[in-house]
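Scroll down for the structure; my scribbles are underneath it.
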Amino acid sequence: MKKAVCCILALLTAVVLMTPNSFAAQGIDEAKVKAAFLAEGNSMQCITELNGDTKLDAAGLTRLPALLVICEAIDGGALDMERTVSVSKAASQIKGPTAFIEAGESITVEKLLKAAIIISAGDAIYALAEVLSGSDTAFCEQLNARMAELGIDVSFSSCIGAGSAMSARQLALIGSKLMGSESFKKYSGIYLDSIMHENGKETQLANPNKLVRWYQGCSGIATGSSESAGYCGVFSVERGGSWVIGVVLGAKTSDERFEAAKSMLEYGLSSCRTLRVASKGDVIKENVPVLGGNTAYINLVAAEDVVLLMTQGEAEPQKNVRPDETICAPIKAGDALGKLVIEDSLGNELMSVDIVSDRDVEVASFFDYIIAAMRMWVEPKRSAA
């Protein structure tokens, strides 16, 4: 009997060892990458992940946070694309992917940005950081402040990010923000381009992200590799009304990086769909009464985009509008005055967003009450006539 029990246990052990890991991250080949993360691009809702919060060496992808700060500065008008800058010696000596910019060379912000985005050129990123903030040290203060705003607990001592470890989830968030930048999107989907230097030499810019060239809907974002980090990448794909951001870290070869990314992206795009319930500023509830105001009614609008990640075939969610019971003046445009709650078919809450006033409302004055009384008296007479 004892011998029979041992045989059964041995057989069960063999079956477990031969069976694929049932807890494996869906759409991710764990044998090919150290970490991976896939999310819906607007809401950053996770679709699938493997070690998504583990901070790892990410090679050149640690240049993306600096690029985000630079692109946001350009979008906001703090840095003019036509501005000509003189490249410092420190910028010209940055190793890794390079635009071959020489110390003292005069070059436009636009050319530097093109090289920074298409090939993650370290010399271009460093030069842009210096012109934006005056020095690498000052720029890092701005960079770290922006990371803190995003909830990313990584401290940078150089705009290039050398030596900084980041998680796949953090890189996905950076990627999402970059794809919201008009200056970044201007070049992120370009596979081959060039810049001309003032001495007449030309630098070819060949995007190392092969998915930009042949994977439908891919418009960025960046790749990187090193001996310690392996092959890494952040990818943005829009297809069929859905937008996903995928990150792979620590692949053994370049081909395995792209194959792992493709497999994960295909899983997300085929198994999930994106539903835009509302866009920021959409009117959610009209003509909501205001007590004691110089305006009798306001509209309540969505405070932000409401994007829901759903599985294919899942029933449409329900919208439940819950304004505050009593709304009194004074009110400022943007004041939160209730919630838009999204529920599944069983009434379970999936997500909620603030609904806010679409205008300012001041406290009504005595004169406002007189005008209101006159209107109430005149309007019935007009109706009778």
Side-chain angles (χ1 to χ4, degrees), residues 37-47 58 61-81 109-110 112-114 116-118 120 125 128-129 132 139 142-152 154 156 159 161 166-190 207 209 211-212 217-223 233-247 265 268-269 272 274-282 301-309 334 351 353-354 356:
F37 186 84
L38 181 69
E40 194 283 321
N42 293 287
S43 63
M44 294 308 296
Q45 296 172 74
C46 178
I47 299 171
L61 298 183
T62 55
R63 298 179 178 190
L64 291 178
L67 196 51
L68 174 63
V69 173
I70 291 164
C71 287
E72 288 180 337
I74 292 172
D75 294 338
L79 197 54
D80 188 349
M81 292 275 267
V109 166
E110 183 170 16
L112 291 171
L113 185 68
K114 184 189 293 188
I117 294 172
I118 296 176
S120 299
I125 292 173
L128 287 167
L132 177 62
F139 179 83
Q142 188 176 348
L143 173 58
N144 289 329
R146 181 65 177 119
M147 292 301 100
E149 289 176 357
L150 294 175
I152 295 176
V154 178
F156 292 90
C159 66
M166 297 189 72
S167 71
R169 187 191 297 270
Q170 291 171 335
L171 287 164
L173 177 56
I174 294 294
S176 173
K177 295 299 180 182
L178 278 168
M179 293 308 297
S181 163
E182 290 302 318
S183 58
F184 182 81
K185 288 191 295 184
K186 184 176 181 178
Y187 300 112
S188 63
I190 295 175
N207 197 328
N209 180 6
L211 296 195
V212 166
C218 184
S219 55
I221 296 173
T223 59
V234 182
F235 308 95
S236 172
V237 176
E238 293 186 67
R239 192 192 298 172
S242 294
W243 173 33
V244 293
I245 299 285
V247 179
L265 293 164
L269 292 167
C272 302
T274 299
L275 179 66
R276 182 173 287 272
V277 180
S279 296
K280 182 178 180 178
D282 282 356
V301 302
E304 57 189 274
D305 292 342
V306 185
V307 180
L308 195 63
L309 182 68
M351 65 184 304
V353 64
D354 286 337
V356 302

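Just the heavy atoms: all of them, side chains too, but no hydrogens, waters or symmetry mates, feed the values below. Just so you know, residue 1 is the first one in the sequence shown, and it goes up from there.
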State, with a plain yes or no, whether a side-chain heavy atom of [X] is found less than 4.5 Å away from one of [Y].
X: V306; Y: D282; value: no
X: N207; Y: I190; value: no
X: L132; Y: V69; value: yes
X: R239; Y: V244; value: no
X: P65; Y: M166; value: yes
X: I221; Y: F184; value: yes
X: L67; Y: I117; value: yes

Grab the two heavy atoms, one from [X] and one from [Y], that are nearest each other, plus how far apart they are.
X: F156; Y: G161; value: CD2-CA, 3.7 Å
X: I125; Y: A66; value: CG2-CB, 4.1 Å
X: G189; Y: V212; value: O-CG1, 3.1 Å
X: L173; Y: L150; value: CD2-O, 3.6 Å
X: V307; Y: Q45; value: O-NE2, 3.0 Å
X: S279; Y: A302; value: O-CB, 3.6 Å

Using a 3.5 Å distance criterion without hydrogens, assess whether the side chain of N209 forms a donor-acceptor pair with backbone atoms of T223.
no

Tell me if a side-chain donor or acceptor on S188 pairs with a main-chain N or O of G220 at a distance below 3.5 Å.
no

Step by step, would you call L265 with L211 a side-chain contact (heavy atoms from CB on, under 4.5 Å)?
CA-CA 11 Å; L265 293 164; L211 296 195; 4.1 Å; yes

Can you name the salt bridge (Lys or Arg N to Asp or Glu O under 4.0 Å) partners of [X], sequence neighbours left out?
X: K280; value: none
X: R169; value: D53
X: D354; value: K339
X: D305; value: R276

Can you tell me which residue among L64, V247, I152 is in a side chain to side chain contact (heavy atoms under 4.5 Å, CB included) with Q170?
I152

Give, for atom [atom1] of [X] and atom [atom2] of [Y], the distance between the pair rounded to the nearest 0.5 Å.
X: L275; Y: S242; atom1: CG; atom2: OG; answer: 10.0 Å
X: L309; Y: I47; atom1: CG; atom2: CD1; answer: 5.0 Å
X: T62; Y: I174; atom1: OG1; atom2: CD1; answer: 11.0 Å

When you look at V109 and L128, which way does the side-chain contact (heavy atoms from CB on, under 4.5 Å) test go after all the steps?
CA-CA 7 Å; V109 166; L128 287 167; 3.7 Å; yes

List in chain and number order the residues that pass side-chain hydrogen bond (donor to acceptor under 3.5 Å, both in side chains) with [X], two or more places apart in sequence or in another chain; answer none if no residue qualifies.
X: E238; result: none
X: N42; result: E40
X: S183; result: D75, S181
X: S236; result: W243

Contacts of [X] that satisfy side-chain contact (heavy atoms from CB on, under 4.5 Å) - sequence neighbours left out:
X: E72; answer: L68, R146
X: E304; answer: V353
X: V301; answer: V283, V356, D358

Scan for salt bridge (charged side-chain N to carboxylate O under 4.0 Å, His left out) pairs involving residues 177-189, sequence neighbours excluded, and state none if there are none.
E110-K186, E182-K185

